[in-house]
Amino acid sequence: MDGDEMDGGETIEITVLGSLGEIAAEEWDACAGDGGIVPVDPFTTHRFLKALEDSGSVGNRSGWIPRHLVARLGGVVIGVMPLYAKTHSQGEYIFDHNWAHAFESAGGEYYPKLQGAVPFTPATGRRFLTRAGFEAEGRSALIQGALQIAERMDVSSLHVTFCTEAERQWGEAIGLLARTTQQFHWLNRGYRDFDAFLADLSSRKRKTIRKERERAQAFGGEIVVLAGDAIEPEHWDAFWRFYQDTGSRKWGRPYLTRAFFDRMQETMRADILLVLARRDGRWVAGALNFIGRETLFGRYWGCVEEHPFLHFELCYYQAIDWAIDHGLARVEAGAQGEHKLARGYLPTVTHSLHWIGDPRFARAVAQFLKAEAQAIDQEIEVLTAYGPFRRGGEPAETE
């Protein structure tokens, strides 16, 4: 498949991969790694996406069928894109179920569709992954390749979810539909420790968080924070039990297989932060985080015992503690959850891009997105105003 032609006459070649095993990790990560030892986020790295495939978490039976794109110029990989053919809308966290229903009610077939995304992962990051120095031409070739695949497969639509704001602006400029959604993120304002963060909050919120932490830490056991080589197979055995419990309640069945967590132990320990609670010699709850260059990404939580506020302690407060100690700029706590607002996580805009093949349906979706964006902006404004931080003129903590 051909892509863009460069000024010098060379053509960028686009190939489609049915598996990450068809490309060397070094070639993929030269684009996904963004030039740093620690990736901006670990989710688009070769090791993470291949772990999903090797573990059977994605593939034909999952409804996530790999169709990854690779752009080469003169034999050199200058761009890659995680892309999947989807037969459903599960595991995306940018909800288009109503679009599917409307399209099918009008006699169309919404599935299959193409999804430029990280499966089961509502974390923001680049989706058009380009080698440094080839950003414009690589991105252009990748979207052209994705649209060519969409045409050849005769799919209804292409969706690029949780992309960066810069990608959203570029995509909108070339005619893609842009969608605004929101999450709750914690932002580090240069805090020296957790108490400095609390001093930024209103008195009532400070007292509430302190009480919650005291109640949680008095659950009758200990909280253990593990990263890198401190993580051992027994910890994944425990976390699998937690994940199964949460997955069966939220989704009916867990998205990830047990083998996926084995792959995390083998290839991604350096990217992982586990926060576990142990009581009477037994692991009873835990939260799984991924470590990025500037961001800690909270992903999964589960428990086999219920204890007051232990969820908030393991998922939110321990994450803030760790981010401050390690100089990270933010914590992304996953999708949804207005309860995060009271705990210092502010509403934050997230972005996605969409191409709809049917012109009439595309116009209807465009109108919906315009109204939705206005509603999201208003909601963020209201939620921010009712956030936990001290108002102007309110004194800092003196207790």
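Remember, predicted model here, so these are calculated numbers, not experimental data. Residue numbers count from 1 along this sequence.
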*asked:* Pair Lys113, Met153 - check side chain to side chain contact (heavy atoms under 4.5 Å, CB included), show working.
replied: CA-CA 9 Å; Lys113 62 178 183 174; Met153 292 180 61; over 6 Å; no
Would you say that [X] contacts [Y] through its side chain, given a criterion of any heavy-atom pair below 4.5 Å between the two side chains?
{"X": "Ile94", "Y": "His159", "result": "no"}
{"X": "His88", "Y": "Lys86", "result": "yes"}
{"X": "Leu310", "Y": "Cys303", "result": "no"}
{"X": "Tyr317", "Y": "Phe309", "result": "no"}
{"X": "Trp236", "Y": "Leu288", "result": "yes"}
{"X": "Arg213", "Y": "Asp321", "result": "yes"}
{"X": "Trp64", "Y": "Glu92", "result": "yes"}
{"X": "Met264", "Y": "Phe290", "result": "yes"}

Locate the shortest heavy-atom distance separating [X] from [Y]; write the atom from each residue and the value.
{"X": "Phe103", "Y": "Ser156", "value": "CE2-CB, 4.0 Å"}
{"X": "Cys315", "Y": "Ala287", "value": "SG-CB, 4.0 Å"}
{"X": "Cys31", "Y": "Ile78", "value": "SG-C, 3.7 Å"}
{"X": "Gln183", "Y": "Pro122", "value": "NE2-O, 2.7 Å"}
{"X": "Trp301", "Y": "Phe239", "value": "N-CZ, 4.4 Å"}
{"X": "Phe48", "Y": "Pro42", "value": "CB-O, 3.3 Å"}

*With respect to Phe120, which candidate in Phe260, Tyr255, Tyr84 satisfies the ring pair (Phe, Tyr, Trp, His ring centres under 6.0 Å) definition?*
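Of the listed residues Phe260, Tyr255, Tyr84, the ring pair (Phe, Tyr, Trp, His ring centres under 6.0 Å) partner of Phe120 is Tyr255.
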Side-chain donor-acceptor pair present, [X], [Y], cut-off under 3.5 Å:
{"X": "Ser89", "Y": "Tyr111", "value": "yes"}
{"X": "Trp283", "Y": "Glu234", "value": "yes"}
{"X": "Thr124", "Y": "Glu332", "value": "yes"}
{"X": "Trp240", "Y": "Gln244", "value": "yes"}
{"X": "His307", "Y": "Glu313", "value": "no"}
{"X": "Ser19", "Y": "Glu53", "value": "yes"}
{"X": "Arg72", "Y": "Thr15", "value": "yes"}

Can you get from [X] to [Y] by hopping between Ile, Leu, Val, Met, Phe, Trp and Tyr side chains that sit under 4.5 Å apart?
{"X": "Ile231", "Y": "Tyr300", "answer": "yes"}
{"X": "Trp322", "Y": "Trp186", "answer": "yes"}
{"X": "Leu201", "Y": "Ile324", "answer": "yes"}
{"X": "Leu369", "Y": "Leu158", "answer": "no"}
{"X": "Met81", "Y": "Leu176", "answer": "yes"}

For the [atom1] atom of [X] and the [atom2] atom of [Y], what is their distance to the nearest 0.5 Å?
{"X": "Leu114", "Y": "Ile149", "atom1": "CG", "atom2": "CD1", "value": "6.5 Å"}
{"X": "Gln374", "Y": "Thr180", "atom1": "CD", "atom2": "OG1", "value": "10.5 Å"}
{"X": "Leu256", "Y": "Thr121", "atom1": "CG", "atom2": "OG1", "value": "7.5 Å"}
{"X": "Arg126", "Y": "Thr44", "atom1": "CZ", "atom2": "OG1", "value": "6.5 Å"}
{"X": "Trp355", "Y": "Ile174", "atom1": "CH2", "atom2": "CD1", "value": "12.5 Å"}
{"X": "Arg293", "Y": "Asp41", "atom1": "CZ", "atom2": "CG", "value": "9.5 Å"}

*Decide salt bridge (charged side-chain N to carboxylate O under 4.0 Å, His left out) for Arg258 and Asp262; before the verdict, give the C-alpha distance in whole Å, the side-chain angles of both, and the deciding distance to 0.1 Å.*
CA-CA 7 Å; Arg258 177 65 182 85; Asp262 292 334; 2.9 Å; yes
Charged N-O contact under 4.0 Å between [X] and [Y]:
{"X": "Glu165", "Y": "Arg168", "answer": "no"}
{"X": "Glu167", "Y": "Arg127", "answer": "no"}
{"X": "Arg363", "Y": "Asp358", "answer": "no"}
{"X": "Glu135", "Y": "Arg139", "answer": "no"}

*Show your working on side chain to side chain contact (heavy atoms under 4.5 Å, CB included) between Phe184 and Leu341 and close with a plain yes or no.*
CA-CA 7 Å; Phe184 292 87; Leu341 183 67; 4.2 Å; yes
_The single option from Arg343, Gln217, Lys207, His311 passing side chain to side chain donor-acceptor pair (under 3.5 Å) against Glu212_ =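 Result: among Arg343, Gln217, Lys207, His311, Arg343 is the only option passing the side chain to side chain donor-acceptor pair (under 3.5 Å) with Glu212.
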Counting only heavy atoms from other residues, nucleotides and ligands, does the tally under 6.0 Å from [atom1] of [X] exceed 12?
{"X": "His101", "atom1": "NE2", "value": "no"}
{"X": "Glu104", "atom1": "CD", "value": "yes"}
{"X": "Glu172", "atom1": "CD", "value": "yes"}
{"X": "Glu372", "atom1": "CD", "value": "yes"}

Between [X] and [Y], is there a donor-acceptor pair closer than 3.5 Å when you use the side chain of the first and the backbone of the second?
{"X": "His46", "Y": "Leu20", "answer": "yes"}
{"X": "Ser55", "Y": "Thr257", "answer": "no"}
{"X": "Thr384", "Y": "Ile380", "answer": "yes"}
{"X": "Arg269", "Y": "Gln265", "answer": "yes"}
{"X": "Arg330", "Y": "Glu294", "answer": "no"}

*Apply ring pair (Phe, Tyr, Trp, His ring centres under 6.0 Å) to Phe162 and Tyr93, showing your working.*
CA-CA 9 Å; Phe162 293 106; Tyr93 301 95; 7.2 Å; no
*asked:* Can you classify the ring geometry of His339 versus Tyr316 as parallel (below 30°), tilted (30 to 60°) or perpendicular (above 60°)?
replied: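 Rings of His339 and Tyr316: tilted, as their planes differ by 30° to 60°.
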*Passes side chain to side chain contact (heavy atoms under 4.5 Å, CB included), Thr295 versus His185? Steps please.*
CA-CA 10 Å; Thr295 305; His185 298 173; over 6 Å; no
*Determine, step by step, whether Glu137 and Ile12 satisfy the side chain to side chain contact (heavy atoms under 4.5 Å, CB included) criterion, reporting the C-alpha distance in whole Å, the side-chain angles of both residues, the deciding distance to 0.1 Å, and the verdict.*
CA-CA 9 Å; Glu137 55 266 50; Ile12 298 176; 4.0 Å; yes
_CA sep, side-chain torsions, deciding dist, call: Arg179, Asp96, salt bridge (charged side-chain N to carboxylate O under 4.0 Å, His left out)_ = CA-CA 11 Å; Arg179 188 174 190 182; Asp96 63 348; over 6 Å; no
